[in-house]
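This report concerns only the one structure given below.
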Amino acid sequence: MPASWCGTWSAQPWYEGESLYNLWEPHRHANDPATPNLGEALACAVALAKLHAGGWAHGDVQPNHFVIGPTGTFLIDLALAQGGDVPEVYDFRYRGCLVHYEAPEISRGILERGTAVPSKEADVYALGASLFISATGWRHVPYPDDADRKDQRQAIVDKPHRPVNVPGVLGEVVEQMMSRDPADRPTSAAICRKLRGALQGLSFGSGPGCCWP
């Protein structure tokens with residue numbers, strides 16, 4: 001095998017469905033987004049919460065990694081996931097993910113040290129950024145389209161996230177998920193409870209019926 005082909009590879013099953021970003025495209029609007037489908041948002045949160053419950057952080061949460069289909073919602077691409085035992089021969093240092101969804105602490109770590117440590121809290125931020133861009137088309141932090149990665153990450157470290165204009169309870173949840181302080185973010189399990197409670201409230205014509213634990 002040529003040396004240029006050497007590296008760490010991963011494989012996963014094929015899942016039928018659409019990505020979160022594509023699924024919400026018909027309703028996406030930058031300035032006046034429609035109320036997103038809470039059931040689909042909940043399904044994405046549940047997929048992430050299942051991974052977290054198993055002791056793993058995904059490390060590369062983005063809307064194209066949530067596949068929503070007829071047999072369920074799946075969180076794909078675990079190439080950067082950390083948490084379980086990985087043989088040293090297959091392990092490698094984490095150098096960040098798709099910058100458009102990076103949490104501030106991950107971007108800061110990459111800028112300062114060249115590496116960072118994936119965390120469940122950073123996954124939650126990335127899920128919030130994924131829901132936000134899927135509903136509005138806006139990245140969580142503004143920077144020029146042609147900015148290089150260093151400048152993108154510096155913007156994430158220095159600037160607050162864009163105002164969350166997603167209507168309804170999901171907007172409240174996304175605001176919490178994209179808190180700059182990881183300790184202030186809800187867990188993925190708490191997000192599931194919040195969204196599930198909101199859906200139950202809609203079913204019975206009452207309020208959200210759930211709060212942060």
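Predicted model, so just to flag it, every value in this text is computed and none were measured.
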Close side-chain approach of K194 and P186, heavy atoms under 4.5 Å: no
Side chain proximity check, R185 to V124, heavy atoms < 4.5 angstrom: yes
Test side-chain contact (heavy atoms from CB on, under 4.5 Å) applied to D32 and H29, step by step: CA-CA 5 Å; D32 188 23; H29 193 284; 3.9 Å; yes
V67 side chain near E18 side chain, heavy-atom distance below 4.5 Å: no
Spacing of I106 atom CD1 and E121 atom CD [to the nearest 0.5 Å]: 9.5 Å
Least distance between heavy atoms, Q152 atom then A147 atom: NE2-O, 3.0 Å
ILVMFWY network linking I76 to L23, side-chain heavy atoms under 4.5 angstrom: no
Transitive ILVMFWY side-chain link Y101 to F74, under 4.5 Å: no
Closest contact, heavy atoms only, N37 versus W24: O-CZ2, 3.7 Å
Side chain to side chain donor-acceptor pair (under 3.5 Å) contacts in which one or both residues fall within residues 135-150, not counting sequence neighbours: H100-Y143, Y125-H140, R139-D145
Non-hydrogen atoms of M177 and G128 that approach each other most closely: CE-N, 3.2 Å
Non-hydrogen side-chain atoms of E105 and P182 separated by less than 4.5 Å: yes
N/O donor-acceptor pair under 3.5 Å between R28 side chain and Y21 backbone: yes
Minimum-distance pair of heavy atoms, taken over all atoms of A198 and V169: CB-CG1, 3.6 Å
Closest contact, heavy atoms only, N31 versus N165: O-ND2, 3.4 Å
For A43 against T73, the heavy-atom pair lying closest together: CB-OG1, 3.2 Å
Co-membership, hydrophobic cluster, residues L38 and V46, 4.5 Å side-chain: yes
Verdict with reasoning, H58 to D123, per side-chain hydrogen bond (donor to acceptor under 3.5 Å, both in side chains): CA-CA 7 Å; H58 188 279; D123 282 352; 5.2 Å; no
Main-chain N/O of A116 paired with R108 side-chain donor or acceptor, under 3.5 Å: no
Gap separating the CG atom of L195 from the CD atom of Q200, nearest 0.5 angstrom: 11.0 Å
Close side-chain approach of T187 and K120, heavy atoms under 4.5 Å: no
Residue pair C44 / I68, side-chain heavy-atom distance below 4.5 Å: yes
K50 atom NZ: more than 12 heavy-atom contacts under 6.0 Å: no
Minimum side-chain heavy-atom gap P36-V166 below 4.5 Å: yes
Inter-residue atom distance E40.CD - L170.CG, 0.5 Å rounding: 11.0 Å
L78-L48 co-clustered via ILVMFWY side chain contacts under 4.5 Å: yes
Worked verdict on L20 versus L131 for side-chain contact (heavy atoms from CB on, under 4.5 Å): CA-CA 8 Å; L20 172 67; L131 294 167; 3.9 Å; yes
S130/Q62 under side-chain hydrogen bond (donor to acceptor under 3.5 Å, both in side chains): CA gap, chis, key distance, verdict: CA-CA 5 Å; S130 296; Q62 53 179 279; over 6 Å; no
Non-hydrogen side-chain atoms of F66 and L127 separated by less than 4.5 Å: yes
Hydrophobic cluster identity match, V99 and L111, side-chain contacts under 4.5 Å: no
Intermediate values then yes/no, side-chain contact (heavy atoms from CB on, under 4.5 Å), L42 and R196: CA-CA 7 Å; L42 172 59; R196 190 174 287 115; 4.2 Å; yes
